[in-house]
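Note on naming: letters A, B, ... go to the chains in the order of the sequence lines (proteins, then strands), and numbering restarts at 1 for each one. Everything numeric here is computed off the predicted structure, so don't read it as measured data.
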Protein chains: 2
Amino acid sequence: MSPRHPSDDRAPNQVDVARLAGVSTQTVSRVMSGQQNVRPETARRVLAAVEELGYRVHAAAASLASGRTRILGVIVVSTDRYSTAALGVGIQQAAAEHRYTVTTAAVADHASADAFVEAFDRLERQGAEGIILGVPVELDSPAMRLRTARTPSTRNERLSMHPDAPLIIDQHAIARQAVEHLLDLGHKTVWHVPGDEYWLETRQRRETWEQVLTERGITPPPVIPGDWTPESGYRAGRTIAAIPEATAVFVSSDEMAFGLIRALHEAGRRVPEDISVVSVDDIALAGFASPALTTVRQPFEQMGRAAALRLIAQLEGVEISDAPEDVHPELIVRSSTAAPRG
Amino acid sequence: MSPRHPSDDRAPNQVDVARLAGVSTQTVSRVMSGQQNVRPETARRVLAAVEELGYRVHAAAASLASGRTRILGVIVVSTDRYSTAALGVGIQQAAAEHRYTVTTAAVADHASADAFVEAFDRLERQGAEGIILGVPVELDSPAMRLRTARTPSTRNERLSMHPDAPLIIDQHAIARQAVEHLLDLGHKTVWHVPGDEYWLETRQRRETWEQVLTERGITPPPVIPGDWTPESGYRAGRTIAAIPEATAVFVSSDEMAFGLIRALHEAGRRVPEDISVVSVDDIALAGFASPALTTVRQPFEQMGRAAALRLIAQLEGVEISDAPEDVHPELIVRSSTAAPRG
DNA sequence: TTGTATGCGTTATCAG
DNA sequence: CTGATAACGCATACAA
């Protein structure tokens, strides 16, 4: 019944198509890869044969022959954090537009440097032509340098889109906007609840928090520990509620801010009347906290997009025109901050 | 200096290793794939050569020869929704444990059925041996049936882990637990804010909501529209606040519940004293809403894990022992529900 | 515009 | 336990 070789249950290949269409395999290859130098009539015959047999290019064979895989690798931690997911959206989009495929290697939270090297290896072995390091730690071991030297890769955290600049969201700018917003409102000092120590972002934001305070002649108060989770924010909130002179807090994530504000409320301290809170991320729920969160938005999606596009440009040796402009973190002022009470 | 062929910048291959180790390529292959029938001393020599040359197996070549890719495909929508991300965590874990790689194809929200077929094709072409359909819609077009017939795939929504049962979280059970909880508290009826109509889950939950009410002789009130976003929850909340007789609401996601509760508060209706709210998901922030959300937890991570394991079992023709037991949605009672006021 | 020949790096088969 | 040899399916010269 079917036109396929009845006795053969293997998938149809180029040869089968060529035979059925009455052309050479070379022509089939040309048609499949969309090259122009094929007579329309011939192409039509080939396509008809393809359709009839249900032929599809065998990626492994094509890769082996061409040396290209069109695979982008992504290494991430905490797959279910908002930042990771949002980054992924941008990467997926850009990759799909340029007919790349993306494969993800998830690394356990708090994993050692070795785990990242292993993930890199997995991705390389799998044929990834470029790798996006969506990771929260510095990777400057010799082993990692060896790998990033041979496979193009991108650490996605700095702000600038200039082709030679590192690609990262500027954590210092985030912290500076947050802290200066509070100081400009008239607060005498700003307390800080950082994220998990494992994350590079955590350290960078804390440094800048300290620096901005110091610039204004303020001695930074002790850090109140946090680890990104709302629970840790809650604990930090209880601590801060017990500090009468505290009037302003810079928390390193929106999720922690939810916990923090709840603890403050339970302790009878009002936000923002008694204590102002500014956080980071601008997750979908940020505007629906009580009060709505003043927060510094991180442009994750654009960043993911930019990282993928830059990698693709590098792989193809071309300029990519649709890369986003420089993207910046942006302070979104809502209702969790106010001037201190006279 | 280096032992690599100095004039050659191509990656080392099996032949190079075999030559350096003084064995055949076959033996190299055996060592790399961890087969046991190699003399330890020989294996050691091979490994040394591998190390020295920095050799790594070329995946495309291995695939071509073996016919296996060890690639799992995943099709998802709304990559940044909590459900999608959480599912991914489970899939990634299970895949990694069994040395599979996962590549994701993201489909635009509200995409047509064709988009899923295309995504399936991309993944197949890429060599995916099995595909997890982490999608919110029914896919029973002829085109899709053709594909799922030739490539093992899994729709991840039903509850049971029995090998022949569909693999899905039981949406009817979710809705039933939510609605019965409210009715059992003594509420006369339950209003409903569904998710986006595009999602199968939305329709299933609404059906069950209607059914449970009907079972108890209650005529379901009109549905208040929602689309998963907190904004839509807020709008629904304003609507409901204007309905004096409303005392209980079943909202189809935690995120919408945040918006809904805020709108109720703004309208002067207290939760749970005036209106009880139960939602679905149990996201990390659910316990930090004001009041803390009573919600039905969906076991996304276990579901992802189960889907991947089942697929792998099928691909290898083996029983997988570490598959999770049946997993069930679970009602988490917090503070957003209470008996109606006398 | 189209066809022929060759090689990509590995695994599988079979022999030793 | 080890080795020789033949596929695997496609793309890329190069030739016609």
Side-chain contact, heavy-atom cut-off 4.5 Å: [X] with [Y]?
X        : Y        : answer
A:Trp199 : A:Asp109 : yes
A:Phe300 : A:Val89  : no
A:Val117 : A:Arg147 : yes

**Request:** Only one of B:Ile131, B:Ile312, B:Thr103 passes side-chain contact (heavy atoms from CB on, under 4.5 Å) with B:Leu72; say which it is.
**Result:** B:Ile312
**Message:** Output one letter per nucleotide in nucleotides 8-16 of chain D: B when a protein non-hydrogen atom lies under 4.0 Å from the base, S when only the sugar-phosphate is that close, - when neither is.
**Reply:** BBBSBB---
**Asked** Is any side-chain N or O of B:Thr27 closer than 4.0 Å to OP1 or OP2 of D:dG3?
**Response** yes
**Below 4.0 Å: OP1/OP2 of D:dC1 and any side-chain N or O of B:Thr42** = no
**Message:** Between A:Glu316 and A:Arg70, does any side-chain N to carboxylate O distance fall below 4.0 Å?
**Reply:** yes
